[in-house]
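Structure first, then comments.
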Amino acid sequence: MTREEAIRYLGVHSSTNGSGLCTDEQHYEAKQMAIKAIEQTRWIPCSERLPEEDGQYLITVKYVHVDGYDDIYAEHGEWGDGNWDMFCFGHCGQVETILAWMPLPEPYTAESEDIL
């Protein structure tokens, strides 16, 4: 099922009204795709939970600079052995805290247009 098909099927209010708009299986598949997309794009506060698996993630980092002002940026981080390590891309100050994280999206491939 493509993203466009999922959007169309999710827009249908009833899949079992006899209209033939979509099957129960297509409706279920579209819902699963929507749930997966929402889960993959939600920032998870570190105070709520930390990653269960070691790996690379997007992280929201709060920096304190020498002159005292704070900045918050999204960065690329790695979670391993219960600790964060990060890759700094030019706005590094003193890291005060890592506020939240989310899984990295899947890399683009032409085949990823039909992901389920």
Side-chain angles (χ1 to χ4, degrees):
M1 175 175 280
T2 66
R3 287 183 181 94
E4 291 76 20
E5 289 171 330
I7 290 167
R8 185 173 61 248
Y9 290 131
L10 286 172
V12 175
H13 296 290
S14 174
S15 64
T16 59
N17 64 3
S19 67
L21 294 174
C22 63
T23 67
D24 286 339
E25 182 179 330
Q26 290 169 323
H27 195 73
Y28 175 79
E29 187 177 352
K31 281 192 207 179
Q32 293 305 110
M33 181 182 281
I35 290 167
K36 183 177 179 181
I38 291 167
E39 289 173 347
Q40 289 178 336
T41 58
R42 177 183 172 266
W43 284 104
I44 301 165
C46 291
S47 60
E48 180 180 310
R49 67 181 171 93
L50 294 168
E52 296 174 7
E53 297 180 17
D54 291 353
Q56 295 183 20
Y57 297 88
L58 290 177
I59 57 176
T60 299
V61 180
K62 181 178 180 182
Y63 293 102
V64 177
H65 293 273
V66 177
D67 55 7
Y69 70 92
D70 296 344
D71 277 328
I72 296 177
Y73 292 103
E75 297 280 1
H76 180 189
E78 185 162 356
W79 175 256
D81 298 323
N83 294 297
W84 287 109
D85 191 13
M86 57 178 279
F87 311 96
C88 186
F89 297 114
H91 20 82
C92 293
Q94 174 70 33
V95 173
E96 180 176 309
T97 189
I98 297 174
L99 302 170
W101 61 277
M102 74 167 60
L104 290 174
E106 293 293 323
Y108 172 80
T109 64
E111 295 81 30
S112 68
E113 291 302 310
D114 188 14
I115 59 174
L116 287 182

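Residues His76 and Gln56 are in side-chain contact: their nearest non-hydrogen atoms beyond the backbone lie under 4.5 Å apart. Counting heavy atoms from C-beta on, the side chains of Ile72 and Tyr63 never come closer than 4.5 Å. Within the 4.5 Å cutoff, side-chain heavy atoms of Trp79 are placed close to those of Asp54.
Rounded to the nearest 0.5 Å, atoms CD1 (Ile59) and CE (Met102) are 12.0 Å apart. Taking OG1 of Thr60 as the reference point, atom CD1 of Ile44 lies at 11.0 Å (rounded to 0.5 Å). To the nearest 0.5 Å, the span separating OG1 on Thr97 from CH2 on Trp84 amounts to 11.0 Å.
Taking the centre of each ring, Trp101 and Tyr57 come in below the 6.0 Å mark.
Connection of Ile98 to Leu58 is not established within any shared hydrophobic cluster, with ILVMFWY side chains joined at heavy-atom distances below 4.5 Å, either directly or through further cluster members.
By the neighbour-count criterion of 12 heavy atoms within 6.0 Å, atom CD of Glu48 is densely surrounded, having more than that number from other residues, nucleotides or ligands.
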